[in-house]
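What follows is one structure encoded as structure tokens, with my remarks underneath.
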Amino acid sequence: MPTLSQVIIFFGPPGAGKGTQAAALSATLGIPAISTGEMLRQAARSRSELGKMLERVMASGQLVSDDLINQAVDERLRRQDCQAGCILDGYPRTVAQARFLESLLQQLKLPEPVVFNFELEIENLIHRIMRRRHCPKCGRIYSVNPNAQFIRCQKDGALLVQRTDDSPASIRQRLELHKNTCAELLDFYRARNYHEIVASRTPNRVSEQLLAHLGMRMPSARVASYPQAAMAHAGM
Ligand code: ADP
């Protein structure tokens, strides 16, 4: 059993910056960041019947079934690269998923999770989601001027794209769903290793909060390394 394994859960509404922080923390801790939304988007690209069904569910802003997502997470956590733990972004989202994860972690002899709840007001969330773009090649997330077109990834030059479920209707539905499901899930975790994160701060300030709760300091190489910061400097 790995001695210093860590399981970290990022919980919070869409647009709160979980994906950006998961990528950064993954690089710092050397454990994989697992986004169930990204796993589902990949599966949806297959154009199989299952893929088409997933695409429909995601575009409508609903959740996919607990069974399906639990099975996908079960398979993913059994892989070699999760032996020292992982960062879970967007999972669990229901109490049934949280209970499933609890028993899976026990089976895999992984520790109880540290839960970070990203908090941000709704106006700020919508503002961020409308500006959110990502690189289809490397997955890097950017915050851009929503009117700007043909923006390229700073890492590999690919044209940035917007998620198909980042439409106003789907965003409203996802925010509503989050509001309705969050209380029950937080009741499950609040008495455990649980921390609230002020997600309205700059990416570096949010990282500092996460690392402080984990008893770590910000690696100096990371300061001002976020693509958002770079885009802001580029006047975008
Ligand atoms: P966001 O947090 O912006 O809604 P995600 O990328 O985390 O985006 O998820 C995109 C979509 O994938 C969700 O709207 C939902 O349909 C599906 N999804 C992701 N994670 C889960 C989960 N744990 N349980 C059920 N559905 C999920």
Side-chain angles (χ1 to χ4, degrees), residues 7-23 25-26 32-46 50-77 86-105 113 115-122 124-136 139-143 146 161-182 184-186 188-189 197 199 206:
V7 176
I8 294 166
I9 292 175
F10 280 0
F11 180 74
K18 304 184 299 290
T20 301
Q21 294 297 330
L25 192 60
S26 163
I34 299 173
S35 154
T36 42
E38 193 47 46
M39 283 164 70
L40 292 167
R41 280 188 286 280
Q42 261 175 31
R45 274 180 224 127
S46 75
L50 175 67
K52 287 184 205 160
M53 183 275 283
L54 292 176
E55 194 164 284
R56 275 197 303 277
V57 176
M58 285 191 283
S60 72
Q62 303 289 341
L63 294 183
V64 307
S65 76
D66 287 336
D67 282 351
L68 196 145
I69 199 81
N70 285 341
Q71 196 193 329
V73 169
D74 184 292
E75 279 170 26
R76 182 65 189 85
L77 261 64
C86 62
I87 301 161
L88 292 168
D89 165 9
Y91 179 93
R93 284 194 200 201
T94 64
V95 173
Q97 292 178 15
R99 290 195 204 289
F100 180 88
L101 178 67
E102 193 173 31
S103 84
L104 179 63
L105 294 179
V115 180
F116 290 116
N117 180 20
F118 286 57
E119 295 194 311
L120 200 74
E121 324 73 64
I122 192 151
N124 212 335
L125 292 169
I126 294 171
H127 177 80
R128 283 194 186 178
I129 299 173
M130 296 319 292
R131 303 174 75 90
R132 173 161 75 184
R133 301 289 183 279
H134 68 274
C135 171
R140 204 168 177 185
I141 304 166
Y142 290 84
S143 176
V161 294
Q162 186 171 28
R163 270 171 48 176
T164 48
D165 64 345
D166 276 350
S167 68
S170 166
I171 294 167
R172 263 196 306 278
Q173 169 63 32
R174 275 149 55 213
L175 288 171
E176 188 62 26
L177 193 66
H178 176 77
K179 205 170 81 195
N180 296 340
T181 52
C182 126
E184 210 190 353
L185 193 58
L186 292 188
F188 183 88
Y189 280 123
I197 298 297
V206 175

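Both ligands and their constituent atoms are indexed starting at 1 by order of listing. As the structure is a prediction and not an experimental result, all values here were calculated from the model. All values below come from the heavy atoms of this structure, side chains included, with hydrogens, waters and symmetry mates left out.
Contact check on E176 versus K179 returns a salt bridge, with a Lys/Arg side-chain nitrogen under 4.0 Å from an Asp/Glu carboxylate oxygen. Ionic pairing of E38 and R45 is present here: one or more N-O contacts between side-chain nitrogen and carboxylate oxygen are shorter than 4.0 angstrom. Ion pairing of D166 with R131 is absent here, as no side-chain N (NZ or NE/NH1/NH2) approaches a carboxylate O to less than 4.0 Å.
Between M53 and L68 the shortest side-chain heavy-atom distance falls below 4.5 Å. Put simply, the side chain of P32 reaches to within 4.5 Å of the side chain of R76, judged on heavy atoms. Side chains of V57 and L40 form no contact here, defined as non-hydrogen atoms less than 4.5 Å apart. Here the side chains of I126 and L175 are in contact, with some heavy-atom distance below 4.5 Å. Side-chain contact between M58 and T164: absent, with no pair of heavy atoms (C-beta onward) separated by less than 4.5 Å. Side chains of M39 and I34 form a contact here, defined as non-hydrogen atoms less than 4.5 Å apart. By the 4.5 Å heavy-atom criterion applied to side chains, D66 and F100 are not counted as neighbours.
The N/O atoms of T36, backbone and side chain alike, include one that comes under 3.5 Å of an N/O atom in ligand 1. The shortest N or O to N or O distance between E38 and ligand 1 is not below 3.5 Å. For the pair R41 and ligand 1, the shortest N or O to N or O distance falls below 3.5 Å. Remark: ligand 1 and S35 share no N or O pair separated by less than 3.5 Å (distance only, no angle test). The N/O atoms of Y91, backbone and side chain alike, include none that comes under 3.5 Å of an N/O atom in ligand 1. Residue I69 has no N or O atom closer than 3.5 Å to an N or O atom of ligand 1.
Nearest-heavy-atom check against atom 12 (O) of ligand 1 across H178, Q173, M58 picks out M58.
The backbone and the side chain of L63 each have at least one atom closer than 4.0 Å to an atom of ligand 1 (non-hydrogen atoms only).
With respect to atom 17 (C) of ligand 1, the closest heavy atom belonging to the protein is L40 CD1, 3.4 Å. Among protein heavy atoms, the minimum distance from atom 19 (C) of ligand 1 is reached at R93 NH2, 3.5 Å. Nearest to atom 24 (N) of ligand 1 among the protein's heavy atoms is Q97 NE2, 2.9 Å. The nearest protein atom to atom 3 (O) of ligand 1, hydrogens excluded, is given as R174 NH2, 2.8 Å; this is a heavy-atom distance. Closest to atom 26 (N) of ligand 1 among all protein heavy atoms lies V64 N, 3.1 Å. Here the heavy atom of the protein found nearest to atom 15 (C) of ligand 1 is Q62 O, 3.4 Å.
Distance alone, capped at 3.5 Å, places no donor-acceptor pair between the R132 side chain and the I141 backbone.
Numbered from 1 in the order shown, with element, the atoms of ligand 1 that lie under 4.0 Å from a heavy atom of R163 read 1 (P), 3 (O), 5 (P), 6 (O), 8 (O), 10 (C). Remark: ligand 1 atoms within the under-4.0 Å shell around heavy atoms of R132 are 3 (O). Here is the list of ligand 1 atoms found below 4.0 Å of a heavy atom in K18: 2 (O).
In this structure, M39 does not count as a contact residue of ligand 1, since none of its heavy atoms falls inside 4.0 Å of the ligand.
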